[in-house]
Amino acid sequence: MRMRTGMGSKIAMGIAAAVMAYAFPAFAGDGFIGEWDTVTEVEGTDYPSVMKVWEEGGELKVSVEDDLNGDMETSNAEIDGDTLTYNILVEALSPDPIQVTMTLKDGAITGSLESELGELPMSATKIGGTDGGGIAGDWDIFVDVQGDEYPARVGIKEDGDDVVVTIEDDLNGEMEVSEIEVDGNNVEFKVLVEALNPDPIPVSVVINGDELEGTLDGGDL
């Protein structure tokens, strides 16, 4: 990984001690951010798919993929309280995008997909947990260094039994992450910030609903 130089001494000095990071998803309170196993009922037959919801550049994004149609085009994704809506192009059902409406309650999604066959029932459970918790998601984090907040971004994805963590900021770009360990909603990993330390720095975070909180331990910098 190549990192940009020029990080101020104030940041290096502050990170030399344990610092607290607070993070909030860009769509706080939605609970939809993450990856979901979805099922759509069409004339008595269940059709499974995978739905991913994330934020990118201040915009809500949704992807839906199944074995029959592959990755389907989506647009106009919006969250209003506990309701998610978006349009999806399912060419087998309609040449025009059709609307999906989903409601999240107690970690489970129920909803419908509009079609010429009427409203098709849909349901979904979050991958990695059915309680609406889990650890998957993207967070805008703010590292508190001696009263100043420094923004970064953390992404956590679950891929079967594996967990992938990414962390990046405008100054350093994407930083190398290693030694990821997960215990419930507690995630520990190490991040390499070459401008500060030749060795990876331990990070420990706890994910509680829509919030992420934890520490970045600078060690003997």
Side-chain angles (χ1 to χ4, degrees), residues 23-140 153-168 174 182 207 209-210 212:
F24 306 90
F27 295 84
D30 59 74
F32 284 100
I33 301 296
E35 188 172 358
W36 302 78
D37 282 327
T38 61
V39 175
T40 304
E41 182 183 334
V42 183
E43 297 184 325
T45 301
D46 289 342
Y47 291 90
S49 60
V50 175
M51 178 182 72
K52 298 179 182 179
V53 186
W54 74 99
E55 182 272 340
E56 183 177 312
E59 183 178 355
L60 187 66
K61 299 285 188 177
V62 175
S63 73
V64 180
E65 185 174 359
D66 65 17
D67 293 337
L68 181 64
N69 302 286
D71 192 357
M72 289 167 277
E73 180 182 337
T74 65
S75 60
N76 299 332
E78 294 183 357
I79 289 174
D80 183 7
D82 61 359
T83 300
L84 167 68
T85 58
Y86 60 90
N87 293 334
I88 184 169
L89 181 60
V90 187
E91 294 179 348
L93 293 176
S94 172
D96 301 314
I98 50 183
Q99 183 168 293
V100 173
T101 302
M102 293 180 156
T103 301
L104 177 66
K105 183 177 181 181
D106 297 329
I109 287 175
T110 57
S112 62
L113 182 151
E114 295 181 359
S115 77
E116 294 182 358
L117 300 175
E119 292 190 354
L120 306 179
M122 299 182 69
S123 62
T125 54
K126 193 167 187 180
I127 296 174
T130 59
D131 59 354
I135 60 171
D138 294 307
W139 288 269
D140 291 320
R153 188 160 185 80
V154 170
I156 302 177
K157 297 181 180 179
E158 296 172 289
D159 184 9
D161 294 333
D162 296 327
V163 173
V164 177
V165 177
T166 57
I167 181 168
E168 62 181 319
E174 185 170 341
V182 178
I207 299 164
D210 294 325
L212 177 152

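All values reported here derive from a predicted model rather than from experimental measurement.
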Atom pair [atom1]/[atom2] of [X] and [Y] - distance to nearest 0.5 Å:
| X | Y | atom1 | atom2 | result |
| --- | --- | --- | --- | --- |
| E43 | L120 | CD | CG | 8.5 Å |
| I156 | I167 | CD1 | CD1 | 9.5 Å |
| T83 | E78 | OG1 | CD | 11.5 Å |
| M102 | I109 | CE | CD1 | 5.5 Å |
| K61 | S75 | NZ | OG | 10.0 Å |
| D71 | K52 | CG | NZ | 8.5 Å |

Testing the basics here: between [X] and [Y], what is the closest heavy-atom pair and its distance to 0.1 Å?
| X | Y | result |
| --- | --- | --- |
| A77 | V62 | CB-CG2, 3.8 Å |
| G155 | D138 | CA-OD1, 3.3 Å |
| T40 | M122 | OG1-CE, 3.5 Å |
| M51 | V64 | CG-CG2, 4.1 Å |
| P95 | L89 | O-CD1, 3.6 Å |

Does the [X] side chain pair with the main chain of [Y], one donor and one acceptor, at a distance under 3.5 Å?
| X | Y | value |
| --- | --- | --- |
| T38 | S49 | yes |
| S112 | E119 | no |
| D66 | N69 | yes |

Q.
Given R153, which partner from the list E168, E55, E174 fulfils the salt bridge (Lys or Arg N to Asp or Glu O under 4.0 Å) test?
A.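 In the set E168, E55, E174, the residue that makes a salt bridge (Lys or Arg N to Asp or Glu O under 4.0 Å) with R153 is E55.
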
Q.
Taking the side chain as everything from C-beta on, heavy atoms only, tell me whether S63 gets closer than 4.5 Å to W54.
A.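 Yes - at least one pair of side-chain heavy atoms lies under 4.5 Å apart.
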
(Q) Applying side-chain contact (heavy atoms from CB on, under 4.5 Å) to V50 and D37, what does each step give before you reach the verdict? (A) CA-CA 5 Å; V50 175; D37 282 327; 3.9 Å; yes

Flag yes if more than 12 heavy atoms outside [X] fall under 6.0 Å of its [atom1] atom; otherwise flag no.
| X | atom1 | result |
| --- | --- | --- |
| E41 | CD | yes |
| D67 | CG | no |
| D80 | CG | no |

Q: Could you go through the side-chain contact (heavy atoms from CB on, under 4.5 Å) check for L60 and L84 one step at a time?
A: CA-CA 10 Å; L60 187 66; L84 167 68; 3.9 Å; yes

Q.
What verdict does the side-chain contact (heavy atoms from CB on, under 4.5 Å) test give for V90 and M72, after you've listed the backbone C-alpha separation in whole Å, the side-chain angles of each residue and the deciding distance to 0.1 Å?
A. CA-CA 7 Å; V90 187; M72 289 167 277; 3.9 Å; yes

Q.
Is there a side-chain contact (heavy atoms from CB on, under 4.5 Å) between W139 and I207? Walk through the geometry before answering.
A. CA-CA 10 Å; W139 288 269; I207 299 164; 3.9 Å; yes

